Structure formats: structure tokens, C-alpha cells
Amino acid sequence: MPDTRPNNYLLHIDNIYKQYGDNMVLDNIDLSVNAGELCTVVGPSGCGKSTLLRLILGQEQATSGDIFLDGKQIGLPDTQRGVVFQRYSLFPHLTVLDNVCMGRRLPQSWAENRRQKKLIIEEATHFIEKVNLSVDDLHKYPHELSGGMQQRVAIAQALISKPRILLMDEPFGALDPQTREYLQLFLLEIWEQQKMTIFFVTHDLEEAAFIGTRMFALSQYYTDDRGEGDSINRGAKIVADHRLPPVASSSEIKHHPAFIKLIENIRQAAFDPTFLQHAKDFNLKHPDAFQTLTAEEQQTSF
Amino acid sequence: MKSIRPKLFGLHAAPSFRLNILLASLPFILLIAAYLIAADIRHQDNPQDKLMPSVSQMVDAVDRMAFTEDKRTGQYLMLEDTLSSLKRLAMGVVIAAFIGLLLGLNMAMFPGLQATLFSGVTFVSMIPPLAILPILFIVVGIDELAKVSLIVIGLFPLISRDIYLTVKKLPTEQVTKALTLGASELAVVYRIVLPQIIPRLIDSIRLSLGAAWLFLIASEAIASTDGLGYRIFLVRRYLAMDVIIPYVLWVTVLGFLFDWLLRWGVARFFPWYHKT
Ligand SMILES: Nc1ncnc2c1ncn2[C@@H]1O[C@H](COP(=O)(O)OP(=O)(O)OP(=O)(O)O)[C@@H](O)[C@H]1O
Ligand SMILES: [Mg+2]
């Protein structure tokens, strides 16, 4: 197995399979993501979006296949990959300020932290201001903040470690529509400012199409040449992969006909259990998309 | 507007502050009244009754034990008893908490340690501590060490299992998150997880204080020359209920006080604890 791979993609995923017991969840996933992309992932509930994110994060291991970050095979979670979960991103026993400081303090010894105390607090305050929280909130505990504020702190907390890629698993999933839209615009702003690469999981198609520069759909609703029957244990594949128009930074675009059409297409391809495309017919229009089907999945016919 | 919540009965009852205090003191008042009446009846039959001493008899006893210097030693006996008992109790509880914390935390975090130690700790926790008291007396002697050891042995399995379960319940996201922020494995355990379980450790101590007193009094009763348990069992020979009852009340009050102090400490220093 090669340890490094000579290509320029920030993230490269090759023939990933993930099984829980007999339950095949991810079924031969191939994916390359360029630096600077805001990549959104959609798919029906339980299709394996969070599982894919956990694999990239290093929290879990794939049954087989390789994942490369910056050309190097990934290992356990580290500072290369930041993460914002839907819940539990913040440490409940630390104030907002201390939560954000952690990214600077944890890699260092007590002594170093003492010496750099002022510097670290300044830096953390800078990031907290960036996510539009006020100085009054610095010394509050997470339970004293609203859900939207908590997620903004979680973003600041992840940013201070300057990760190569920020992984987000339904970060706005538990928020009301207004807060959600506000945070979507806010995330776009931060993403542009910081020139980040983001991998954003959501089950909300509109959200995905709105904030992404690239959007792909994961789904178990498809067919291939492996045949039917109980012995065939199919998992989710990437069934659609689209490049999205440059970000408009305005929610106006949500009413644009092309935007609505795209959402309809993806809804059909990924969310409709009766609409079964053949694996070789998936709409993988994105220039970075690639797919390597096995001989069983795509049998050559004469 | 008239409140729709009833004052006392039902799921939605909202007793007022004064009613709350009245209700809380009711069991005490009833208990004391019942005792006084029963004691009075007995004293009418026999003014020298020892089994249910009157209030004045008990006040005399307390005065003798707590506020008069002992003729032989020149000390205030109740104070000396309390100090030696509390010293043993504190040492036992602190050592047990320390061992329990380290064991529970590390077993829950490191699967290798869990594999090595978990069944052992579970096994030890099933040993009735009082049953091995004779062994302790034989092995470590009948001095302070035996009494402290009994408390430690009785408490640490319970505390370590409680801490273990608490750590296991923390979301795995926290560990992942800490790693992505650059924490080493030890930093995850001791800088992220440990501070989060300290208030639970205090709760765990609160719950095991009752057992700690039990072990303390039992070992003092059997082999000691001072301590609250020693005194209670000593004066039992003379049927001195007028000493025993105040001593038991004193132990109870002390226990109540510690429980309250620890609860106050958790609320004061870990404001996030009950909110998560
Ligand atoms: N630790 C696990 N053990 C066993 N099965 C699991 C485990 N984690 C996930 N699964 C299974 O894997 C499948 C995918 O789960 P996953 O959480 O990745 O879905 P998802 O796409 O994120 O869904 P949602 O949109 O509801 O969050 C589910 O069928 C789930 O039951
Ligand atoms: Mg999920």
C-alpha cells in the first residue's frame, strides 16, 4: 500500500469501504477535494455522511481503502483536521475564552502556557471577535449561551488551531431557520477571509447548495451490475457531484430557477428510493470527480 | 391572579417557603415529641430510668463529656473523640477518593488498563469490608493504619466504579475534539477529562460518607482507645444511653454538615456541573 500519493489534491479518498458488522455503509467511495473548496455533502438520513466525516477525521478506521491529506496517509485525529460537531464540540467545564484558548494551550506545557498567557488570551479574543461574540460573553460557560452562539464559539475554537481542513457535521442542524441563515452567511464570510477548506455535512439540500462551491450526494438508492438479492450488501456511493456557481453571499440565489433545478435533480438522485440510477450513469460532473467501479459493479457487455 | 397550582397536593404542588420549612421540620418535631412523651411515661414509673434518659440527664452528660476536663487526662473527651475520629475519616476518604479517581479514570480511558484491572476491581468491590477487618488487624496491627485501611478498602472500589461509569458516559466527540486541538493522549485524560469529573467525584464522596462512618465506628468499636465509635461502645457497658444518644446525634449532625458543605462546594465551584 503506498503511503504517499503524488497528486495535488488536499484530500484524496481512494476505494473506501466501511462496514459495521454485516452492514455495509460506505461502498467504494472515491473523492478528491482541492484546497480552498467549500465542499458540502448531502444524503438521506443514515446513508453514512457522518461515517465518512469520522473516517476523514481519523476517529474511526475504514474497513479498506486509503485516505490522504496533503498527500500523506491520515492517522488518528490531529491538528491538521479541525472539527465542529452538531453537539458536544465545546468543553462544558470551560468558559468561552478557555474553550478557544485550548487550541493554543493543549499542545504546550504548563510552563510555556504561563509564559505566553497574555499572548494566548489576545489571540483567542481575536478569534472570538471574529465570530461576532462580544467581550461580555468571554467568561460565560457554554450552557449560558444560545445554540447559535455555541456553534460560533466552536468555530472559533477550531480556527485557532489553523487546520488544513475544517470538518463540520450538521453544525447548524439544531438551530432555527433565522439563526441558521445568519450562520450560513457568517461561515461564508469566514471561509473567504481565512481561505479555508471546508467539508460540510448536512441533510438540508438548500443549505448545501447555497453555501457550497462543490456539492456531492451520498446515497444507497442506486443500482449496478452486482445484481439483486439478499446476498448483495450494497452501501452508499457518491451518486452526484456538482460544481456550484461562485458564492453569491446573499440568500437571493435561493429563488433562482437554476438553483431550484439543481436541488430537484439531487433530491431525485439521492433521496428518492424508487429512482435507481445505474452506477455508471451517476451525474459526476465536477472536474475533480473520479470513480473507479469494480468489475462486478460494471460488467462489460458485448 | 389566583395561582392554578395547589399548595400541597398533586404533581404541580408549589408549597410556599414557610410551608416548606414547616413540612421539613415536621418529621423532627414528631420524632422528638414521641421520644419526650415515652421518656416521661417511663420516668413516672422509675425516676432512675436509664434506657430513655430525659433531656436534663442528657444535658448533664454532654456537659460532663464535652465541657468539663476529664479528671484522668485533663482533656475534653468529646472534643478529643471527635478529632481522632475525623482525622481517621478524612484520611480514609481522601486516600480512597484519590485511588478511586485514578483507577476509574484510567480504566475508562485506556482499554489496556481496563483489560488488566476492571475485573479485579469489580471482584474486590464484592468483598464485604467488615469481613476482612480481622485480617487487617492481624496484618497491619490494631493502630490507626488498620482503621484508615478499612475505610479505604471499603470506599475505593465504589468510587472507582462510579468514576469509571461517569467517564464512559462522556461523549467521544470530546476526546476527538481535544486531539484535533493538539492534545497528547495524557493531556486528553488529565487536562480535558479529569477536570470534568471532579464534581462527580465529590458527589461520589458524599454518597459514600455514610459507609465511611460505618467502617470507622466499627473499627473503633473493636480496637481503639479513643474516637466517637470507641466511646459509644465503651459506655454501652454501663447502659449509658444519656451519653450514647448525644454522641449518635453529634455523628449525625457532623455527617449532615459535611454533606451540605460538599454540595455547597460543587454548586459554588462547578457552576456548569448540573447544567450539562
Ligand atoms: N458505531 C456504529 N456501529 C454500528 N453501526 C453504525 C455505527 N455508526 C453508524 N452506524 C450505521 O451506519 C449507518 C450510517 O450512519 P451515519 O451516522 O453515518 O449516517 P448519516 O448519514 O450521518 O445520518 P444522519 O443524517 O441521520 O446523521 C447507519 O445505518 C448507522 O446505523
Ligand atoms: Mg450524521
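Note that this is a predicted model, so its numbers are computed, not measured. To find a chain, count down the sequence lines: A is the first, B the second, and so on, and within it residues start at 1.
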Within the structure provided, determine whether A/Phe91 and B/Leu181 are in side-chain contact (heavy-atom separation under 4.5 Å). yes
Part of residues 151-161 of chain B lying next to chain A, heavy-atom separation under 4.5 Å: none
Scan chain B against chain A and return every donor-acceptor pair whose distance is under 3.5 Å.
| residue | atom | partner | partner atom | Å |
| --- | --- | --- | --- | --- |
| B/Gln174 | NE2 | A/Leu90 | O | 3.2 |
| B/Thr176 | OG1 | A/Gln59 | OE1 | 3.3 |
| B/Lys177 | NZ | A/Val83 | O | 2.6 |
| B/Lys177 | NZ | A/Gln157 | OE1 | 3.2 |
| B/Arg191 | NH1 | A/Gln108 | O | 3.0 |
| B/Arg191 | NH2 | A/Arg105 | O | 3.1 |

Applying a strict 4.5 Å limit to non-hydrogen atoms, the region of B/Ile192 in contact with chain A is both
Tell me, for A/Leu90 versus chain B, whether the close heavy atoms (under 4.5 Å) come from the side chain, the backbone, both or neither. backbone
Look at atom CZ of B/Phe256 and say whether more than 12 heavy atoms of other residues, nucleotides or ligands are closer to it than 6.0 Å. no
Return yes when atom CE of A/Met149 has more than 12 non-hydrogen atoms of other residues, nucleotides or ligands closer than 6.0 Å, and no otherwise. yes
If contact means a heavy atom pair closer than 4.5 Å, which residues of residues 116-131 of chain B contact chain A? none
Bottom line for B/Pro271: the part with an atom under 4.5 Å from chain A's heavy atoms is both
Do any of residues 9-23 of chain B come closer than 4.5 Å to chain A, heavy atom to heavy atom, and if so which ones, in number order? none
